[in-house]
Enquirer: 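Quick one: the structure is below, and I'll ask about it shortly.
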Protein chains: 2
Amino acid sequence: MTTRELLFLGLLRHQKMHGYQLNEFIQQDLAVCTDIKKPTAYYLLNKMEARGWITQSSEQIGNRPLRRVYQITPTGEIAFQSMLRESMQEYTPTYFEDDIPLAFLDELTTDEASTYLETRKEQLLSELEIMQNTPVHPGTVQWMLEHRLRHLQAEAAWLDEVLSRLTLMEEE
Amino acid sequence: MTTRELLFLGLLRHQKMHGYQLNEFIQQDLAVCTDIKKPTAYYLLNKMEARGWITQSSEQIGNRPLRRVYQITPTGEIAFQSMLRESMQEYTPTYFEDDIPLAFLDELTTDEASTYLETRKEQLLSELEIMQNTPVHPGTVQWMLEHRLRHLQAEAAWLDEVLSRLTLMEEE
DNA sequence: TATAACATGTAACAAGTTACATGATTTC
DNA sequence: GAAATCATGTAACTTGTTACATGTTATA
């Protein structure tokens with residue numbers, strides 16, 4: 001995913017950050033949109049530094065572990081601009097992990113299927129609740145969060161329809 | 001993705017198939033839901049055979065290349081049943097590659113942003129058209145395809161809203 | 001007779017994850 | 001004094017992709 005690098009550059013454009021700080025922000029504020037693990041983040045930062053997109057400067061508070069504070073370079077800015085434009089016009093089809101099992105739903109009794117889908121629905125609703133409680137972000141970051149919200153709402157509506165179809169089949 | 005193995009088992013339950021045949025079917029009939037490449041398919045078949053989930057029997061027509069025809073075993077059937085139940089109650093959050101660029105949309109002029117999103121929309125609409133022209137499948141395979149259709153429609157509606165928001169901003 | 005379709009694979013690479021390792025400081 | 005937080009990483013593994021290799025047969 002090239003967009004992970006775009007994200008890093010986009011965040012560093014606004015503010016110098018060290019790896020830990022980036023990780024924190026992504027896990028707390030952007031958890032609904034992406035899921036970058038710690039080692040991946042450090043790996044990407046090193047890679048981007050080697051490319052000259054960002055530079056490091058060390059910082060230490062007291063005797064705490066050294067912080068490597070990253071800052072975007074002019075080369076990095078150019079990369080950001082071109083990646084942004086490229087990715088903005090691209091539509092990437094998304095595949096749903098949960099689609100495949102759905103194809104074999106008719107292997108189960110309507111009763112069993114309903115029970116499982118109710119479990120799915122609970123998980124979905126709890127994610128929806130989390131989303132609706134996250135603070136409003138400035139600019140189009142909020143648009144990204146809204147997109148995700150729309151998607152979750154569409155999923156909830158779909159699940160409801162599948163469940164009602166199953167109920168109809170049960171009555172026959 | 002465990003669901004790829006579920007898919008293979010699910011297809012082989014209905015009919016013995018050789019690798020080439022499986023690939024054809026997935027690329028022609030299920031292209032909208034998954035995207036399994038040839039080497040991945042052969043790799044998975046070998047792995048599943050090693051596990052005892054499927055067995056091979058060779059078949060040759062004339063002097064053509066040998067076909068390895070795969071068939072599900074009782075062990076494979078057990079695996080299918082348990083994977084189906086497990087995956088059916090799981091809700092797997094989906095991340096959208098195209099979300100991240102959206103967060104930085106306000107770095108572009110409304111004009112440029114609109115142009116790019118129109119390009120995205122065209123690609124989306126052409127995928128929608130393909131979907132609406134795929135033949136109806138039996139049973140809940142059709143449900144899977146419908147889910148995908150719902151998703152694409154929600155995406156189209158979202159894109160339209162973003163585009164109209166941009167138009168409103170331009171007028172200010 | 002060239003090209004597409006049939007049929008199966010290998011080797012090298014890319015991306016990302018898990019589990020592990022290290023050590024300081026703050027909080028309970 | 002134990003546990004959580006701060007801070008950065010490495011090594012091994014998993015999964016999947018791209019590009020390449022091979023040879024037959026039907027079709028244009």
Side-chain angles (χ1 to χ4, degrees), chain A residues 1-8 12 16-28 30-31 33-51 54-71 83 87 92-97 100, chain B residues 1-8 12 16-28 30-31 33-51 54-71 83 87 92-97 100:
Chain A
M1 291 201 213
T2 335
T3 51
R4 296 184 162 194
E5 292 172 6
L6 182 69
L7 177 63
F8 277 33
L12 292 177
K16 295 179 177 185
M17 283 199 251
H18 57 273
Y20 194 84
Q21 199 180 352
L22 257 167
N23 272 311
E24 285 279 283
F25 181 76
I26 289 169
Q27 266 159 54
Q28 276 166 31
L30 305 179
C33 296
T34 190
D35 179 33
I36 302 174
K37 309 290 187 219
K38 266 191 296 173
T40 307
Y42 286 116
Y43 165 73
L44 284 177
L45 287 172
N46 287 329
K47 206 169 92 177
M48 288 164 69
E49 197 201 358
R51 276 195 203 131
I54 54 179
T55 45
Q56 234 191 80
S57 59
S58 292
E59 197 179 281
Q60 197 162 21
I61 291 168
N63 219 12
R64 281 199 191 177
L66 197 78
R67 288 176 176 172
R68 295 168 195 283
V69 181
Y70 291 98
Q71 187 176 355
M83 284 162 75
S87 60
T92 314
T94 303
Y95 301 109
F96 298 91
E97 181 89 20
I100 307 292
Chain B
M1 290 201 214
T2 335
T3 51
R4 296 184 162 194
E5 291 171 7
L6 182 70
L7 177 63
F8 277 33
L12 292 177
K16 295 179 176 185
M17 282 200 251
H18 57 273
Y20 193 84
Q21 199 180 353
L22 256 167
N23 272 311
E24 286 279 284
F25 181 76
I26 289 170
Q27 266 158 56
Q28 277 165 31
L30 305 180
C33 297
T34 190
D35 179 33
I36 301 174
K37 309 292 186 215
K38 265 191 296 174
T40 307
Y42 286 116
Y43 165 72
L44 284 177
L45 287 171
N46 287 329
K47 206 169 91 177
M48 289 164 69
E49 198 201 357
R51 275 195 204 130
I54 54 178
T55 45
Q56 233 192 80
S57 60
S58 292
E59 196 180 281
Q60 196 162 23
I61 293 168
N63 219 13
R64 281 200 192 175
L66 198 78
R67 288 176 175 172
R68 295 168 194 283
V69 180
Y70 291 98
Q71 187 177 355
M83 285 162 75
S87 60
T92 313
T94 303
Y95 300 109
F96 298 92
E97 182 88 20
I100 307 291

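In what follows, chains are A, B, ... by sequence order, proteins preceding strands, each numbered from 1. Note that this is a predicted model, so its numbers are computed, not measured.
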Enquirer: Measure the distance from CD on B/E24 to P on C/dA4 and round it to the nearest whole Å.
Expert: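 Answer to the nearest Å: 15 Å.
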
Enquirer: For A/R4 and C/dA15, is the shortest distance between a side-chain N/O and OP1 or OP2 below 4.0 Å?
Expert: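 Negative; the distance criterion is not met.
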
Enquirer: I want to check something: taking the side chain as every heavy atom from C-beta on, are A/L12 and A/M17 in contact at a cut-off of under 4.5 Å?
Expert: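 Answer yes - side chains close enough.
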
Enquirer: Between D/dT8, C/dG9, D/dT10, spot the one nearest the side chain of A/P39, thanks.
Expert: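 When the side chain of A/P39 is considered, D/dT10 is the closest of D/dT8, C/dG9, D/dT10.
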
Enquirer: So what does A/E59 touch, heavy atoms closer than 4.0 Å: a base, only the sugar-phosphate, or nothing?
Expert: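 Since no nucleic acid heavy atom lies under 4.0 Å of A/E59, the category is nothing.
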
Enquirer: Identify which nucleotide among C/dT17, C/dA7, D/dG9 has an atom closest to any side-chain atom of A/R68, counting heavy atoms from C-beta outward.
Expert: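 Output: D/dG9.
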
Enquirer: Please work out if A/L66 contacts a base, only the sugar-phosphate, or nothing of the nucleic acid, heavy-atom cut-off 4.0 Å.
Expert: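 Contact class for A/L66: sugar-phosphate only.
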
Enquirer: Taking for each residue the nucleotide of DNA chain D with the nearest heavy atom, is it B/K38 or B/K47 whose nucleotide lies nearer the 5' end?
Expert: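 The answer here is B/K47.
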
Enquirer: OP1 or OP2 of D/dT17 less than 4.0 angstrom from a side-chain nitrogen or oxygen of B/T40, does that happen here?
Expert: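 Result: yes.
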
Enquirer: Over all strands shown, is A/N23 touching base, sugar-phosphate only, or nothing at heavy-atom distances under 4.0 angstrom?
Expert: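 Nothing, no nucleic acid heavy atom in range.
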
Enquirer: Inspect the contact between A/K16 and A/E59 and indicate whether a charged nitrogen and a carboxylate oxygen are less than 4.0 angstrom apart.
Expert: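 Looking at A/K16 together with A/E59, the answer is no, because their closest N to O distance does not fall below 4.0 Å.
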
Enquirer: Is any side-chain heavy atom of B/Y70 closer than 4.5 Å to a side-chain heavy atom of B/E49?
Expert: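 Yes, their side chains come closer than 4.5 Å.
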
Enquirer: OP1 or OP2 of C/dT8 sitting under 4.0 Å from any side-chain N/O of B/Y20?
Expert: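 For B/Y20, the contact criterion (side-chain N or O under 4.0 Å from OP1 or OP2 of C/dT8) is not met.
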
Enquirer: Do the side chains of B/T40 and B/R4 get nearer than 4.5 Å, heavy atoms only?
Expert: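 The answer is yes, as the side chains (C-beta and beyond) meet within the 4.5 Å cut-off.
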
